[in-house]
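Keep in mind that the numbers below use all heavy atoms, side chains included, and drop hydrogens, waters and symmetry copies. Along the sequence shown, residues are numbered consecutively beginning with 1.
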Amino acid sequence: YLPDEQSFLSIDMDNIFISTLKKGEEGNGVIIRCYDVLGKNTEAEITLFKPFARAYHTNLIEEGKKEIPVKNNKVKINIGHHSIETIKLK
């Protein structure tokens, strides 16, 4: 049985919005795109419902990868004021 309610993902900061959750353009991976709406530098924690092994900070066109630590289906990312950030999960 499935729970009555369950989110694909959640974020712990009110000033950060998730704008995209999609399949990556290349390879197998999931892309999360988020942005700050209040003009504050923020460290945010994203939680996914399903386990993932690795997370990478990429640019908007999903190039370049800087690995981000993953712990208990959670990843922390620094988001600059009015910044758009892209994360690739594998």
query: For I18 and C34, which heavy atoms make the closest approach, and how far apart are they?
result: CD1-CB, 3.8 Å

statement: dist K66:NZ -> T58:OG1 (nearest 0.5 Å) comes out at 13.0 Å

query: Can you tell if the side chain of F49 reaches within under 4.5 Å of the side chain of L9, non-hydrogen atoms only?
result: no

- prompt: How long is the span from the CD1 atom in I16 to the NZ atom in K40, to the nearest 0.5 Å?
  reply: 8.5 Å

query: In terms of side-chain geometry, is the basic nitrogen of E25 or K88 positioned less than 4.0 Å from the acidic oxygen of its partner?
result: no

query: With a 4.5 Å heavy-atom cut-off, do E45 and I11 have their side chains touching?
result: no

- request: Indicate the atoms forming the closest heavy-atom contact of I79 with A44, along with that distance.
  value: CD1-CB, 4.2 Å

task: Mind running side chain to side chain donor-acceptor pair (under 3.5 Å) on N41 and H81 for me, showing each step along the way?
output: CA-CA 5 Å; N41 293 332; H81 62 283; 3.2 Å; yes

field: Non-hydrogen side-chain atoms of L48 and L89 separated by less than 4.5 Å
entry: yes

message: Looking at every heavy atom in both F52 and K90, which two are closest together, and how far apart are they?
response: CB-O, 3.5 Å

field: Heavy atoms of other groups near K22 NZ, more than 12 under 6.0 Å
entry: yes

task: I would like to know whether I77 and I87 meet side-chain contact (heavy atoms from CB on, under 4.5 Å); could you show each step before the answer?
output: CA-CA 9 Å; I77 185 167; I87 303 160; 3.5 Å; yes

message: Is there a path of hydrophobic side-chain contacts, each under 4.5 Å between heavy atoms of I/L/V/M/F/W/Y residues, joining L21 to I68?
response: yes

field: Heavy-atom pair of closest approach, residues I84 and R33
entry: CG2-CG, 3.7 Å

- prompt: Are any of the side-chain heavy atoms of I46 and K74 separated by less than 4.5 Å?
  reply: no

- request: Using the rule that two of Ile, Leu, Val, Met, Phe, Trp, Tyr join whenever any of their side-chain heavy atoms come within less than 4.5 Å, decide whether F17 and L60 are in one cluster.
  value: yes

- request: Kindly indicate whether the side chain of Y35, heavy atoms from C-beta on, has any atom under 4.5 Å from the side chain of H82.
  value: no

query: Who passes salt bridge (Lys or Arg N to Asp or Glu O under 4.0 Å) against E67, sequence neighbours left out?
result: R54

message: Once side chain to side chain contact (heavy atoms under 4.5 Å, CB included) is applied, do any residues pair with N59, and if so which ones, sequence neighbours excluded?
response: I61, E63

message: Testing N15, N78, D36 one by one against T42 for a side-chain hydrogen bond (donor to acceptor under 3.5 Å, both in side chains), which residue passes?
response: N15

message: Quick one, I32 and T86 - any side-chain contact, counting heavy atoms below 4.5 Å?
response: no

- request: Please name the pair of heavy atoms, one in P69 and one in V75, separated by the smallest distance, quoted to 0.1 Å.
  value: O-CG2, 3.6 Å

